[in-house]
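Labels below follow one simple rule: chain letters A, B, ... track the order of the sequence lines, proteins then strands, and each chain is numbered from 1. Quick caveat, the model's predicted, so the values are computed rather than measured.
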Amino acid sequence: MTPSQAEFRAWPFQEARTIIAQRQPAGDRPVLFETGFGPSGLPHIGTFAEVARTEWVRQAYGYLTGQPTRLLAFSDDMDGLRKVPLNVPQPQMLEQHLGKPLHVVPDPYGESTSYSAYMNAKLKAFLDAYGFDYAFQSSCAAYRAGHFDEGLQILLDKVADVRAIILPTLNESRRAVWSPFFPVCPDCGSVYATRVTGYHPERGTVDFVCDGQVGQVPGCGACGELPVTGGHVKVGWKVDWALRWFAYQVDYEMYGKDLIDSARLSGRIVRLMGRRPPVGLTYELFLDEEGRKISKSVGRGVTVDAWTRYAPLASLLYFIYQNPRRAKRLHWDIVPRCVDDYLAALRRYPEVPAAERPEQDVWHLFDRGRRVPEYGARVDFTTVNNLIAALGTDSERVLVDYLERYDPSARRYRDTITGLVQKGLNYYRDFVLPGMELRSPSSDERAMLRDLHERLAVADEADEETLQAIPFDVARAAGIQPRALFQSFYEVVFGQERGPRFGSFVRLVGKDKMLEMLASRLQA
RNA sequence: GAGCCCGUAGCUCAGCUGGUAGAGCAGCGGACUUUUAAUCCGUUGGUCGCGGGUUCGAUUCCCGCCGGGCUCGCCA
């Protein structure tokens, strides 16, 4: 490590240095970065953020040490469906599957083989869209493949100690019956209607009875003895976390501040099992407009789908990168500004001396600086959105042309510019256009617009000055202030108070198009 | 009760390892245009929550307090 690398202050480097200090990885196996996902509901920005941020730490770690690393995205699809989320279809159908592991609950969207498969696919689609290099691991598959067998036997051997750690944190009423093990009922498939009635460490099994109830779904009454290994039994939340840390020897995992207590307990359990917990970063949660935690099951806040529909994906990553330890409210207002900040960062990047680039946000976002897009145009997202509103046009081509006249250097970054225009248009079409009311012209206005139409029809469309003079001639002829004419014109034709310069707009869209627009409004 | 975060210009927020504060929007003034602009220039405005400490010097570090918010304490 060079001295300059030791001084990098960007947070992924700070995390990486903590790993070096606390875990002292020898490099004899890939250093493992884990991120956990609960497929009990639709992934939200926090879910994506966790993977993205973990990936950035991993990249920084690899940069500092040159050691092999691995990112494991773990999905707990053995978790049971405890309640039906408010924001997914077919609640009645799901109601019947309460208590079963998510990987056997049907997909309410009818697109995937199971509930969790659908949720997992959403997560993977996002990660793949950005080219994240990760290994996906389903919990169910891990249990069945025996990844956890060694740890499960240890937990069974030390079940009294595990209970001693967890019981004080539980409600008095649950302490007597609580077990770290959740048998999957071989008859009805429920994980939450069962309870353990006896432990047999010497045989590696537990006794169980399926006599509980989840929602309106009762247990089937089955009972018997099951091996704790091989996926017949899962372990409960905090124990499960510890089990993963143990089995995979996780070196690094971040989590939201809501899981601080859980992480502490899981840390005690993994130590009990004989290994050290990973280095962890607790990040602040993303909040909705009202400052409340964003929820998987209720669906508040700006969704990832919405962000990427109305703004570039990279701008979302840019937002996610910022200050993980700081709570951020997520509402639409911040998005355009975030895009502009992102563009500004791209613009600055080439000026930054090579040695200092790892301190730049975009260095982390784009493959350790290897794929940072070039962007040198003045055009920013605010400009684009203002222009869309001003021109009131739905045409991508017209907008791009206009922007390239406004800033000729924009031609060199046409892909980026086009992207901005497309996202801005999505927003315009979805939110501005439907609510826009074109006012019908009054009789006076009708006369002026007709006059405008007539004069324009005979004008030379190649001369912008001539075109620009027309509305003033109309105003003069009608004996009113040009300002009043323009206001009427914009309100009636564009549905807004202000608009583009008349002459240049006609030059751009063409005289015929303008005549057509006027004619159609004259009929209103 | 415990933990985390925040408290900087009217609003939304930046301020990285300490050297008397910045942006965007809003406001005000001006330019340009045949008094329409997505334009450009200029400009007003802050005891950096309060009180201590460290320091030659703190918005920036430490302690305490006040105020606001969230999370956990039901379950995984």
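- Nucleotides B/A21 and B/G49 are separated by 14 Å at their P atoms, to the nearest Å.
- Ring planes of A/Y63 and A/F8: tilted class, angle from 30 to 60°.
- Rounded to a whole angstrom, the distance from the C1' atom of B/C25 to that of B/A38 is 16 Å.
- Out of B/A76, B/C4, B/A23, the shortest distance to the side chain of A/R337 is found at B/A23.
- Atom CG of A/L403 and atom P of B/U39 are 12 Å apart (whole Å).
- If you check every strand for non-hydrogen atoms under 4.0 Å, A/F502 touches a base.
- Checked against a 6.0 Å centroid threshold, the rings of A/F502 and A/F489 count as neighbours.
- A donor-acceptor contact under 3.5 Å is not formed by the side chain of A/K83 with the base of B/C75.
- The salt bridge (Lys or Arg N to Asp or Glu O under 4.0 Å) search around A/R429 returns A/D394, not counting sequence neighbours.
- In RNA chain B, consecutive stretches of 3 or more Watson-Crick or G-U wobble pairs with both distances under 3.5 Å are given as paired ranges: B:1-7 with B:66-72, B:10-13 with B:22-25, B:27-31 with B:39-43, B:49-53 with B:61-65.
- Closest contact between the side chain of A/D258 and the listed nucleotides B/C72, B/A76, B/C75 involves B/C72.
- For A/W237 and B/C72, the CH2 to P distance is 12 Å, given to the nearest whole Å.
- Residue A/A327 is the one, among A/T383 and A/A327, whose nearest nucleotide of RNA chain B lies closer to the 5' end (criterion: closest heavy atom).
- With rounding to whole Å, A/L98 atom CG is found 14 Å from B/A76 atom C1'.
- Atom name P, nucleotides B/U60 and B/G68: the rounded distance is 22 Å, in whole Å.
- Residues A/F74 and A/F37 keep their aromatic ring centres 6.0 Å or farther apart.
- Contacts of A/R325 with the nucleic acid, taken as non-hydrogen atoms under 4.0 Å apart, involve only primed sugar atoms and P, OP1 or OP2.
- A/K234 comes within contact range of the sugar-phosphate backbone alone, with a heavy-atom separation under 4.0 Å but no base atom that close.
- Atom name P, nucleotides B/G51 and B/U44: the rounded distance is 28 Å, in whole Å.
- A/R174 has a side-chain polar atom (N or O) that falls below the 4.0 Å cut-off from OP1 or OP2 of B/C75.
- Here the separation of B/A23 from B/C72, taken at their P atoms, is 39 Å to the nearest Å.
- Put simply, A/W178 has no side-chain N or O that comes within less than 4.0 Å of OP1 or OP2 on B/C74.
- Using a cut-off of 4.0 Å between Lys/Arg side-chain N and Asp/Glu carboxylate O, A/R195 and A/D211 are scored as salt-bridged.
- Rounded to a whole Å, the CZ atom of A/F381 is 16 Å from the P atom of B/C25.
- No close placement of the A/Y310 and A/Y428 rings is indicated, their centers lying 6.0 Å or farther apart.
- Toward the 5′ end of RNA chain B lies the nearest nucleotide of A/E284, the other residue of the pair A/E284 and A/S179 mapping further downstream.
- Look at CG on A/D79: it is 14 Å from P on B/C75, rounded to the nearest Å.
- The nearest whole Å value for the distance from the CG atom in A/L343 to the P atom in B/A23 is 20 Å.
- You'll find that the side chain of A/R9 is closest to B/U17, out of B/U17, B/C74, B/C72.
- Taking the C1' atoms as reference points, B/G7 lies 14 Å from B/U12, given to the whole Å.
- Between A/R326 and B/G7 there is a side-chain polar atom (N or O) within less than 4.0 angstrom of OP1 or OP2.
- Side chain of A/K257, nearest nucleotide from B/A76, B/C5, B/G3: B/G3.
- Rounded to a whole angstrom, the distance from the P atom of B/G45 to that of B/A9 is 14 Å.
- B/U39 and B/U47 are spaced 39 Å apart, taking the C1' atom of each and rounding to whole Å.
- As judged by a 4.0 angstrom heavy-atom cut-off over every strand, A/W11 is placed among residues making no nucleic acid contact.
- Ring centroid separation for the pair A/H364 and A/F13 comes in under the 6.0 Å cut-off.
- Note on A/E15 versus A/R325: salt bridge recorded, some NZ/NE/NH1/NH2 to OD/OE distance being below 4.0 Å.
- Look at OH on A/Y255: it is 12 Å from P on B/C4, rounded to the nearest Å.
- In the interface, the side chain of A/Y402 is paired with the base of B/A38 through a donor and an acceptor atom under 3.5 Å apart.
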The test is ring-ring contact (aromatic ring centres under 6.0 Å, His included); show your working for A/F472 and A/F486 and say whether it passes. CA-CA 9 Å; A/F472 290 91; A/F486 281 116; 5.4 Å; yes

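- One atom, CZ of A/R264, and another, C1' of B/C72, lie 10 Å apart when rounded to the nearest Å.
- Shown are A/Y283, A/W56, A/W363; of these, the ring pair (Phe, Tyr, Trp, His ring centres under 6.0 Å) with A/Y321 is made only by A/W56.
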